[in-house]
2 protein chains.
Amino acid sequence: MLLTDRQVLILQVIVDDFIRTAQPVGSRSLSKKDEISFSSATVRNEMADLEELGFIEKTHTSSGRIPSEKGYRYYVDHLLLPQKLNRSEIQSVRSIFAEQIYELEKIVQKSAKILSELTSYTSIVLGPAVNNNKLKRIQIVPLNQDTAIAIIVTDTGHVENRVFHFPASVDPGDVEKMVNILNERLAGVPLINLNGRIYKEVASILRQHIKSYDVLMGSISETLSIPASDKVFFGGKTNMLNLPDFNDIEKIRNLMAMIEQEDGISQLIRRNPKGLNVKIGRENDNSAMEDCSLITATYSIGSEKLGTIAVLGPTRMEYSRVISLLEFISADLSKVLTDLYQNN
Amino acid sequence: MLLTDRQVLILQVIVDDFIRTAQPVGSRSLSKKDEISFSSATVRNEMADLEELGFIEKTHTSSGRIPSEKGYRYYVDHLLLPQKLNRSEIQSVRSIFAEQIYELEKIVQKSAKILSELTSYTSIVLGPAVNNNKLKRIQIVPLNQDTAIAIIVTDTGHVENRVFHFPASVDPGDVEKMVNILNERLAGVPLINLNGRIYKEVASILRQHIKSYDVLMGSISETLSIPASDKVFFGGKTNMLNLPDFNDIEKIRNLMAMIEQEDGISQLIRRNPKGLNVKIGRENDNSAMEDCSLITATYSIGSEKLGTIAVLGPTRMEYSRVISLLEFISADLSKVLTDLYQNN
DNA sequence: GTTAGCACTCTTATATAACGAGTGCTAAAT
DNA sequence: ATTTAGCACTCGTTATATAAGAGTGCTAAC
């Protein structure tokens, strides 16, 4: 059941051509290509076989062929030649890190923008996973008698804030003491563990020093237990509208609705494992993604996965280029972030 | 040049009907309405006059009539009967303020969501204008030797943060001193004035107490002079895609591109004065808005304008309902915010 | 195993006609 | 002087027929 060399060649040319033109590829136009040295009749025979094997399909009885999902899959798995980025692309990517930035989020956001500009598809960047960031400092700023705002600063320069309420009877001095103790004991602890550590290590000390222990402990612990929701950044949300693949108004509706509803797409991306992943059409298991492919790559600090950077395009996507770009950006991103935050 | 009562009646019925059905209205179907007690021929004569006066137009030579922009304008200015909100609408709006929320931004964001759900158009909420918020507290958290993060908390519970850099030679104690002085002197000052006040009132005190005055003054002043950019919240960005008015793919492209590019739409909204405003089609002075109307209402704390809440819909919008809703929400919003923040 | 040739299929474009909704105008009715 | 009935006319929509073109599958010859 293996494909012959010639079948592979024909498949490759069909996919390449369709990615370029978005038009079904006919036997005659194929046979005229430089790579193809045999007649259109031969091509027709091979194409019939490829179709029977499920790698290509027709849009109607007498049309040229387009790649099927299985065809794209084979193409991605076996036929992709890594493409070198050109100078201007490299320059664009590097410009992400050009300014002296410290905030992780800004870097990530800028990556999304650049990525969508370079691909003219839609880019989506997840994370960074704030929950794994480590506590740098916690501050509490009272707003009025029974409301205060807790500000959590992480080692990555991320600032998270939460309003919390407590009875007006609480002594302001107590609040200050509590903050001091928390900072002393919890600096360096990942946010996700804060609440647990409070009970395990800090509770007893707090109880000794603080009058309104019960109340304060209750509200601060409640406040800290809210997990920081990871942000999703988009670039080029409307880029897909310009592709000939989405000339159908119904497709546009579905696609835009899915993009707008951030949760769905972020879960779709999140479930991909570390490294680079390509999901083609229905492999995404989502009806709105039928005509789309999603390529994801993770970025890390050291060896710890931090977030995911992804490109959403039509199934007829420039896989080679996008993959090269994603690999390059995610590697660069990981390197810069590791340098910046690894040993703080 | 005034319209006769009968012309006004016909105009009203045409606009109402077109808003409901999105179909051109013919003389015969008009004459069959209960409100209309005369024949289709009479209606035809009146319609010819109304067309000559510019209030209605044809889509082609022998089509029914649709309202022109001038027609909508007349309708909005003279024919609108304020519509009472029904119980469930009022309930939805009130739910915005149901939870005990303190953060202004959350309230505003939720308003946008509810508004788009109730109208099935797109809603846009500007503000609140952070620059007018007053400083509650400023904190500086060092991240490493030459980087720190300045956190600004306002009286409305808004937290703004900015990374800033300074030479490693600066004494940490100096930074702390500076923060204390800033907090003492600048609490209650609107953010927009912070930078000016530093030079006028705080500079001399700082100079006395701080060794690395020049450097620190430079970076903190630079940091504070960045104006806080007001946020824009959207609701129902893709709602417009479901309207029959946007069955044309080109229109969708333009509209979505305009919505996505937040600056444009936010300026469009911002230039409307206090109170309620209706801009119809080309009155918006923007080619992507040709088939859209924009209704804006401002909300305030006390008498101070804080931000704007807006609905973007087709020119064939349910003006009456949307206006009632906007008036209701903006009034409620202003009331709640005034109660919350007026005398802090 | 490869290719030329050809009948066949299906899409696209174009022309034509029939239909219907709606108009504008004229002449009759009120 | 208004209002209305009547009717010819316009234009968009739909249906149908036809022709052209791209491409296929199959057969037979190379």
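All chains are named by letter (A, B, ...) in the order of the sequence lines, taking the proteins before the strands, and each is independently numbered beginning at 1. The shown structure was predicted, so the numbers you read here are calculated from the model rather than taken from an experiment.
- The salt bridge (Lys or Arg N to Asp or Glu O under 4.0 Å) analysis of residues 113-125 of chain A, with sequence neighbours excluded, yields the pairs A/K113-A/E117.
- Here the shortest heavy-atom pairing between A/M240 and A/C292 reads CE-SG, 4.1 Å.
- Residues B/R65 and B/E57 fail the side-chain proximity criterion, which asks for heavy atoms closer than 4.5 Å.
- Following rounding to the nearest Å, B/M47 (CE) and C/dG24 (P) show an atom-to-atom distance of 7 Å.
- Contact annotation: the side chain of A/V93 approaches that of A/L325 to within less than 4.5 Å [non-hydrogen atoms, C-beta and beyond].
- Nearest approach of B/A112 to B/V125, heavy atoms of both residues: CB-CG2, 3.5 Å.
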Review item, side-chain donor-acceptor pairs of residues 17-24 of chain A, under 3.5 Å, at least two apart:
from, atom 1, to, atom 2, distance (Å)
A/D17, OD1, A/R20, NH2, 2.7
A/D17, OD1, A/K33, NZ, 2.6
A/T21, OG1, A/D17, O, 3.0
A/T21, OG1, A/Q23, N, 3.1

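- The number of heavy atoms from other shown groups lying within 6.0 Å of CZ (A/R282) does not exceed 12.
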Nucleotides 26-30 of chain D: which of its N/O atoms have a protein N/O under 3.5 Å away?
none

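- Classification of the A/Y319-A/Y72 ring pair by plane angle, with boundaries at 30° and 60°, yields tilted.
- When every heavy atom of A/P314 is checked against every heavy atom of A/Y121, the shortest pair comes out as CD-CE2, 3.5 Å.
- Residues from residues 55-67 of chain B that place a heavy atom under 4.0 Å from any atom of DNA chain C, listed by number: B/K58, B/S62, B/S63, B/G64, B/R65.
- Contacts between residues 7-36 of chain A and DNA chain C, defined by a heavy-atom separation under 4.0 Å, are absent.
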N/O-N/O pairs, protein side and nucleotides 18-20 of chain D side, under 3.5 Å:
none

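- Ionic pairing of B/K251 and B/E290 is not present here: no N-O contact between side-chain nitrogen and carboxylate oxygen is shorter than 4.0 angstrom.
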Pair A/V311-A/T122, side chain to side chain contact (heavy atoms under 4.5 Å, CB included): steps then yes or no: CA-CA 6 Å; A/V311 171; A/T122 298; over 6 Å; no
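- Here the closest heavy-atom approach between residue A/L294 and residue A/A310 is recorded as CD1-CB, 4.3 Å.
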